[in-house]
Structures are given as structure tokens and as C-alpha cells.
Amino acid sequence: MGNEAYNHLGIEEPIYKRWEASGYFNPDKLPGRRKKAFSISMPPPNVTGELHLGHATGITIQDILTRYHRMLGEKTLWLPGTDHAGIATQILVERLLQTEGISRHEIGRETFLKHVWAWKQKYGTRITDQIRSLGASCDWSREHFTMDPNLTQAVQKAFITLFNEGLIYRGERLINWCTRCQTALSDLEVKHKDTPGHLYYIKYGPFSVATTRPETKVGDTALAVNPKDPRYKKYVGKKITFETESGSLTLPVIADRLVDPKFGTGVVKVTPAHDPADWEMGERHKLPIKQVVGEDNRMTGSAGKYASLLVSQARDRIIADLQAKHLLIKIEPYTSSVPHCDRCGSIVQPLVSKQWFLKIAPLAKPALAAVKADKIKFVPERFEKIYFHWMKNIRDWCISRQLWWGHQIPVWYCQDNLKKGKTCAPVAATLAPNKCQTCGGTHFIQDQDTLDTWFSSGLWTFSTLGWPNKTKDLKTFHPTAVMETAWDILFFWVARMIMFSLKFAHEVPFKTVFIHGLVLDKDGKKMSKSKGTGIDPLPMAEKYGTDAIRLSLVLGTTAGQDFRLSEEKIAGYRNFINKVWNIGNFVDRQINSAPARTSPPARLPRNGGGGGVPAGRGGGSSLADQWILHKQQILVNQVTEHLNKFRFSDAGQALYDFIWHDLADWYVEIQKIQPNSKVLLGVFQSCLKLLHPFAPFITESLWQRHNKKTQLMISDWPKTKKIKPGADKEFLKIQKLIIAIRNSRAVHKITPQEKVPVYITGSATKALMVDKGIIEILARAILVPTAKLERKAHGHEAGVNFWLELPEASLEHLHKEVSNLKNYIKAQENKLKNSQFTKNAPTVVVDNEKKKLAEAKFKLKQLTK
RNA sequence: GGGCAACUAGCUCAGUUGGUUAGAGCGCUUCGUUUACACCGAAGAGGUCGUAGGUUCGAAUCCUACGUUGCCCACCA
């Protein structure tokens, strides 16, 4: 009975249901008077998302923080939600419709959006259900979606405010255009990949010009050289006329610092419409802009005879034409950095387009200052540097997307004057204005574009609490305490939340940013679904239990550091969970079967030899009881301290070590000899509390065996106390002696069944004999106290010499120890002889070294008697 | 081109402001079904902390170079 391994199946789901039904995920329903508020905003996963280990890591850490602070008695809110994920969701639904042969252009915007909402209705809870299965104790009654009416209201309010302040503007500028997604992208959504290609050297009159994109040469509007380059000084400011693949052309020669004289030939063709650097030069020198690549990835009408060709075709044609005219000097293999769409992976075309932009500098400045002033702290700290660097070099943010799924830009254009060929000033408003302020017209149409998904997520911490309304939640829970996220969305999201929150909520969005690492596969590669190298957390949870998954994602990891995960690791923590389960079974058995034996054996008064056990403390408790209670209190202090400092791994590791190696390996074994079920139960329940944030299911399940009416989730966190040093000293001697005897037995190949007489002698003999029973059983020995040392000892520990009764003395195993001791003593003596050391080192350190030397010498003497 | 991180036992990783004879898990070796647990217990082997210098009484820990790997940022055509 009760001998079965822990089976999480059938345990986790009812427990989660009970938690949720209790209402305690909601801070308003928590019992007791809770003054201090603690809140975390959950980074909203994409509605299209499927739970991966990255989510699981974040959810686990956030849940640890949430459960910990709830147990501390704080008014704790963890607010969940999902993100509409503009591009990702639109692509997904488009593909879905395509399988039915429907294109979104056929059905139109309104019908398409109905399909997307229907999809969201159907599958949008998948990700939140998965988050529930991880045990997340977030307040589902406050769940939000970025396109909820109140969040949409927040987005509109934010946009209109920025618009009216002149921080949002519309303009024709060079942007990143994904020809596949058919939308503009922000700089962040573009990933540069080193791509092997060619460097073409083309004859431009007197110059040789190197380029990787010869097809853009039909869009050239200048040639540029470095102002300091003596080779070309005489050309600067002049116009040159030269032969091209399509006839003769005249271009000005400008001087610009952007040109690197060492690269290529030091002469650059300038194509302002299709290259960021060229665009910048074009602005500086007021160059004409000639767009030759269109949004459809084909050459435009301005490209002359190459018009309507695909970009790649145009390139081949131009090269052929140049060759025919002997204008191509040479081709070199060359690897250059080519922009790709972060979403779909196709090549991004830089081109000029009319888009909405957010002026970022006025927002970035306070966002920088807040972190500099430590109003926001990053854990680990090094990410502040990365944040600063990015913030300082940030450029205006292209916020409009040519998508249908998202927040439609709340800007209205008057149509009436348009007929007369005039344009009125656009108006930013939630609804169409009644009357045009410019012309009195009454017909308006709304801007067709939507906002970048990250515009709405940037408002997340406060829009979910009710902003722009002045709600109680906003007042109570904002700023949030911690933002827990991965480093890969530091710029996308964290930086923008800081800017927006300072702008609109007039305070920081969170006080600490905790950054976890990415989960890598066991070969150290980023997990990838397409490559099949990923571990899917849900089947793993099914197999090993959710608690084991949670532990494997937190223990043995460091903040900000990517870490590897393997199934073996998860199995290891499953074993630990099983250990906890079995300790629970043992505790039950002790309580039920041995209630009469709870009083410990009578104690002899201890002399302790100075600094021993505090006499009054613990009354009738045994040395083992005192030891475990002492260690237990150290554990409470450590776990609390680690959690306060976001050292989740250290906290979990301390628990793992204590529960397995102190509680199970020693104290439980001693309970079989010297039961004290009161202490046992107390220590165990304290462990359940400390472990609960990490492994909520098993701890709650075990807790409710003895506390049917209460929930561990809302029990009080154990209190930290000052540690009295030395309270464990006497028991440590017993432990050492047992280990030493076991060691000797193993070396001498004494089988475990065989109980052997062990002779002990020395000053501590009397004290140790008090716990004779423990030593004899755990070391499988019969202790024989002896007046004096009768032969060479097999060991010296804890103030006694001991030797085993063996037909022949075999002391070989001691040789190594003796030689180690000798070496150590020599090193210590040298150290202490060094006057520089004794002079400079703190006295505590010196004294400690002296003490260690004395101990080693004494031990050596005992062993060589 | 700039920057960041990692390099510690066969493998995966700790090592909290420099101070015990550098730790854990897995794996390995030997032994063991002792009434919580074989998803277990006991004992053990295994590391000159990437390399070379430097600072210091003292360095895995601080500084400087270098090497290897990974990542981020960047307008080098």
C-alpha cells in the first residue's frame, strides 16, 4: 500500500480546477488584509501560438514569483492575455482560406476579418488552456486580448495623442517592404543574413563602380566619393556623362563621408530609392528619387526596357547588356548582408513608400533616463548596456502595416475637396468627424492601414489595467513589479513599453526586468520545430508531470543565459518529485502508525565542550531533531533570500539538496530509530511551502492530505530567522562517524548484512554513545567503547578513533588519506609562515587557517599512532 | 566593423561582491531488494577551472592580450 510511484495523471487537473474555483488567483478575493500589492503582466503569447518551451520557462518563473508573493501575504495579481499578432495571424488565416480556394482580395476586408475573428473564437483559447496546464496561477477574470474593445480604445487614444502632438507623421520615406507579405516592416522586423553573391564592377565613364545590386543602376541619380579621397577630388561637384547599357547618361558627382575610400574603387553609385545609405545621401544632397523596383518585386515603368521584369530577371538582363557593351569590368564572388523578412523569410526590398512614422527621440530620452536612474533594473544587469546602445541609436518607427488584421489607423481623410483636386488636413479620431474643418465637407474615409502589432503591446501593462480610464486596478497594480521575458524581444517590446508607459501613464511600466535565456536543444542549437529539434513541453508534461517540467526549466539555469534541455534532465526532476511523494508517504505512515512514540528518548546532559547545544532550547528534542530544525531554518532563509534576488535556480537547488540529502537520506532514516513525528511533520510541511512555487501540484496534493480545508497556495510563507551558529555541531559528529565507518566497511568489503563490532575510543566517546542506536543501525555496527587505543585505528572522526574487528589489519586505504593530510599540512604551514599573509589577511581568515592546520595535525597524529 | 556571452569532472551546468583540500546532476565503478522510494540506498573513481601574462599575502573569481564557440547590433555599396 502506498508503494506506487507518484503518478501526476489524475492529480494535476483536479487541483488546478480547485485553485481556479477558489477564486484566489484574483487578488480581490484573497483572504486577509493585504496591503502591499504585487503584480506581473504576462507577456501575451500570440493567439496563433502553440506553447513552446520558451513560454513554459516564462510562465514557470512568473508563477514562482506570483505564488511566492501570494504566500508572503501580498495582494498578488498576475494578469494574463493574448496578442492578436498582426502578420502572423493574417498569414495563417490566409493560408487556411487558400486551401478552400479563397483569396482575401476576393472576399474583401470585412468578410476576411469575420473569418479571422471566427478563427480566433475557435482556436484562441488553445494557448491559454496550455498555460493553465502548466499550473499558472494567473487571474483569468482579468484576461485580455489586444483587440478587446477597451484595449482598442487605449490604442486609439495613444495614437490620437501622439498624432495631435505632432509625434506621429505620414511621409514618403525609404522603408522595408516585404514583397511576399505585401506590407511595410519596421527595422526590427528585418533580419540581415550573410548571403553569398557577387560584386559587380561596372564602368561609369572614367570610373569603375562596384555594386552587389546592378539592377538598381537604372535608379541611380548620382555618383559619390569620399570628400577626402584625393583620387577623385577633381570630379566633385561636376557632372559627368557616360555610356550605359541603355544609352548615355549624365549624373552629378557628390562627396559624402558615407563613402569608404577603401571599399571597391572608392566610387559609389547612388540609388536613393533603394538603399538606406543612398537614401541618406540623397537627403543630404537633395538628389532626385527614382523608384525602379515596385512593391510587387518587379521593375517599375521607370526602369525603361527592364520594366515589369522580376528583380532577379532584371539583374541577369542588365549584366548581359553590360557585357555586350563591354561595360562590365569584372565580377567577384562576394558575401553581403541581405535583409530578410523576420516572419516569412523572403528578401526585403528597401523602397520609398508613404507610411506612418512615430518620432522616437522625444520618447527615447525619458526611457533612457528612467533606466539610468535605476527606476527600472535589469536582471542580469548587462542587458542595460544593450538597451542603452539601442535606445541611443534608435530611429523613427514605421508603425503602419498594409494588413487587415489589427488596429486600423484612426485617421480620416476628407473626400469632398478631393474631387476638386485639393487635399484637406487628415484628422485623427476614433469615429469619422461630422464636418471637415478645412472645407466643411462631410464625406470621410478612414486610413486603410493597420498599426504594427507592437504598438498595442507597448501599452500592455497599463491598457490591461483599464487605461485610459482612471481605474482602481491601475492605481493599485501599476507600475507592475516585474517584467519577465526573453532577451529576443527586448527591443520589440520591453523598450517600447518603457517609452509608452512613461509617456501615457507617466510612470515606469515595471520596476524590474527579469530576462531568462532561450531554451536550446541538447546540442546547444536553438530549438526549431521545422528541424524537429524541439522538445514539445506538453507531451513531456504528460509523460513526466508538470512539476518536473517546471523544475527542469528553472534549476541549473542562469538569468539571461541560454540553456540546454534534454529529456534526461526532465526525468531527473521527475525522480525528485517522486522522492518528495515518498517522503510524504513515509510521513503519513509515521503519523498513523506510531503516534505513541512521538516523544524522543531521554537525553543525557551535554557538556558540549564549549559552544555545544543550547541547553534549554528544544527541550526533549534529540540531536537529530535540533540538527534538522537548524538546517531547516537555514533553508528558509536561503530560499527566501534567493527568491528576493531572482535567483530561482539557487533557491530550487537549495530545496532539492535539503529535501533529498538531509531530510530523506538522514532524517527520515533516523525517524525509523528515534521517531518524533511532530518535528518530522513540521519540517515536511515547511518544505512543501517552500517548494510550492516551484512544484505546485505535488505540494498542494500532499498538503491537502493533512489540511483538507485549506490550500497550500494561500498558506503563509515560513518566516526567516537569525541563525544560531553551532546548533548542529553535535549531530554533525555523529554523521561524520557513521560515514567514516561505512567507508571502512566498504573498503574492507564487509557485506551490508554483516553487523561488525566497531571499537571506539577518545574524548567524545561518551557523548557519541548517547546516540548509539542511530550509529549502530545506520553504520550497521556494534559499538564497543574502549578505554584506550589498542591498535592502529581505521579512522579518526568526531573526536574518536575507531577500528573494525577484522582478522587482519588492512590499513592501505588510509595511506592516501595520510599523504593528503601531510601535503595539506605542509601547504598550511607555508601559508602561515608567510608574514605577508598573516599581516594582510583579515584575522578571521588567518585564525580559520590556523584552526584548520591544528585539526589536520591532530587527525594525522591519530591516524599514525 | 562594434558589442555581448560562454569556455570548470566523460556529458550538462553551479560556483552570490577574491579567502576551507573547487561542487551538483547524469554517466561510470563496487556493493546492496534494511517494512517511504530501484523514478531507490551505501561507498568510490574522476578536474593543474581555454591559453599566456599581470595585480594581490592569496585568483575559477579582478586586469590585459590571445584562442575557440555562439549570439546581438551596424548604411560599407
Side-chain angles (χ1 to χ4, degrees), chain A residues 2-6 192 199 209-213 216 224 258-260 262-264 267-271 275-281 336-337 382-383 385-386 389-390 393 487-488 490-491 518 520 522 524-526 544 548 555-558 560-566 568-569 571-590 641-642 645 647 649-650 653 656-657 664-665 668-669 671-672 739 742-747 749-753 777-778 780 820-821 823-824 827-828 831 834-842 844-846 848-849 851-852 856:
Chain A
N3 287 355
E4 277 170 31
Y6 173 62
H192 289 264
L199 192 57
V209 172
T211 181
T212 51
R213 299 197 56 194
T216 64
L258 240 43
V259 181
D260 179 0
K262 288 191 285 289
F263 186 89
V267 186
V268 174
K269 65 185 214 48
V270 185
T271 322
D275 181 275
D278 292 6
W279 169 265
E280 201 180 314
M281 285 194 264
S336 63
S337 189
R382 68 185 139 89
F383 284 96
K385 251 191 281 179
I386 298 171
H389 180 257
W390 188 76
N393 297 300
W487 52 260
D488 56 345
L490 193 64
F491 304 139
L518 305 179
L520 308 174
K522 66 177 176 197
K525 293 269 187 304
K526 202 168 168 172
Y544 295 103
L555 273 67
T557 70
T558 314
Q561 203 63 46
D562 296 350
F563 62 98
R564 300 180 193 196
L565 185 70
S566 57
E568 292 76 37
K569 190 176 171 186
Y573 288 111
R574 185 269 320 265
N575 295 352
F576 171 66
I577 292 296
N578 187 52
K579 193 75 181 178
V580 174
W581 181 255
N582 278 295
I583 297 171
N585 290 340
F586 178 81
V587 170
D588 278 1
R589 182 185 282 238
Q590 285 300 98
E641 171 84 358
H642 286 318
K645 296 195 168 158
R647 294 192 298 241
S649 176
D650 293 347
Q653 207 70 56
Y656 182 99
D657 290 343
D665 288 349
V668 162
E669 290 308 315
Q671 284 297 301
K672 295 173 185 170
I739 291 169
R742 283 171 173 173
N743 182 352
S744 288
R745 294 177 58 106
V747 167
K749 308 238 183 277
I750 297 168
T751 60
Q753 298 94 314
I777 292 174
L778 295 186
R780 317 267 318 147
N820 281 348
L821 272 172
N823 287 337
Y824 180 64
Q828 285 300 98
K831 192 187 256 183
N834 184 346
S835 62
Q836 294 295 323
F837 172 67
T838 47
K839 218 190 292 170
N840 293 320
V844 190
V845 174
V846 177
N848 201 23
E849 297 300 311
K851 208 170 123 195
K852 285 186 307 196

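Quick note on labels: first sequence line is chain A, next is B, and so on, each numbered from 1.
Checked against side-chain hydrogen bond (donor to acceptor under 3.5 Å, both in side chains), A:H192 has no partners two or more places apart in sequence or in another chain. Applying the side-chain contact (heavy atoms from CB on, under 4.5 Å) rule to A:N840 yields the partners A:Q836; only residues at least two apart in sequence or on another chain are considered. When the side-chain hydrogen bond (donor to acceptor under 3.5 Å, both in side chains) test is applied to A:D588, the partners found at least two apart in sequence or on another chain are A:R705, A:H706. Remark: A:Q828 engages A:E849 in a side-chain hydrogen bond (donor to acceptor under 3.5 Å, both in side chains) (not counting sequence neighbours). Looking at residues two or more places apart in sequence or on another chain, you find a side-chain contact (heavy atoms from CB on, under 4.5 Å) between A:S835 and A:T838.
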Tabulated below should be each protein N or O lying under 3.5 Å from an N or O of nucleotides 16-20 of chain B; please produce it.
from, atom 1, to, atom 2, distance (Å)
B:U16, O2, A:R647, NE, 3.3
B:U16, O2, A:R647, NH1, 3.3
B:U16, O2, A:R647, NH2, 3.0
B:U20, O3', A:K852, NZ, 3.2

Could I get a table of every N or O pair under 3.5 Å where one atom is in the protein and the other is in nucleotides 43-48 of chain B?
from, atom 1, to, atom 2, distance (Å)
B:G44, OP1, A:N743, ND2, 3.1

Restricting to nitrogen or oxygen on both sides, can you table the protein-nucleotides 59-61 of chain B pairs closer than 3.5 Å?
none

Show the distances under 3.5 angstrom between N or O atoms of the protein and N or O atoms of nucleotides 24-34 of chain B.
from, atom 1, to, atom 2, distance (Å)
B:U33, OP1, A:Q753, NE2, 3.3

Show each protein N/O and nucleotides 5-9 of chain B N/O combination with a separation under 3.5 Å, one pair to a line.
from, atom 1, to, atom 2, distance (Å)
B:A5, O2', A:Q561, OE1, 3.3
B:A5, O2', A:Q561, NE2, 2.6

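The residue among A:E669 and A:T558 whose nearest nucleotide of RNA chain B is located toward the 5' end is A:T558.
B:U55 and B:U12 are spaced 34 Å apart, taking the C1' atom of each and rounding to whole Å. Spacing of P atoms, B:G67 relative to B:U21, comes out at 35 Å, to the nearest Å. For the P atoms, the distance from B:G70 to B:A24 is 31 Å, rounded to whole Å. When the P atom is used for both B:C49 and B:A60, the distance is 7 Å, rounded to whole Å. Rounded to whole Å, the P atom of B:G44 lies 26 Å from the corresponding atom of B:U8. Comparing the same atom, P, in B:U61 and in B:G19 gives a spacing of 11 Å after rounding to whole Å. Here the separation of B:C11 from B:A65, taken at their C1' atoms, is 31 Å to the nearest Å. Remark: the separation of the P atoms in B:G3 and B:C40 is 49 Å, to the nearest Å.
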### Query
Which dot-bracket string describes RNA chain B (Watson-Crick N1-N3 plus N6-O4 or O6-N4, or G-U N1-O2 and O6-N3, all under 3.5 Å; [ ] crossing; | other strand)?
(((((((..((((.....[...)))).(((((.......))))).....(((((..]....))))))))))))....
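If you take CG on A:N582 and CZ on A:R589, they are separated by 10.5 Å, rounding to the nearest 0.5 Å. Here the CG-OH distance, from A:N575 to A:Y6, works out to 13.5 Å after rounding to the nearest 0.5 Å.
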#### Entry: Base versus backbone protein contacts along nucleotides 68-77 of chain B [heavy-atom cut-off under 4.0 Å; B, S, -]
---SSS-BBB
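We find that OH of A:Y573 is positioned 15 Å from P of B:U12, with the value rounded to whole Å.
With B:A14, B:A42, B:C39 as the candidates, the nucleotide lying closest to the side chain of A:N578 is B:C39.
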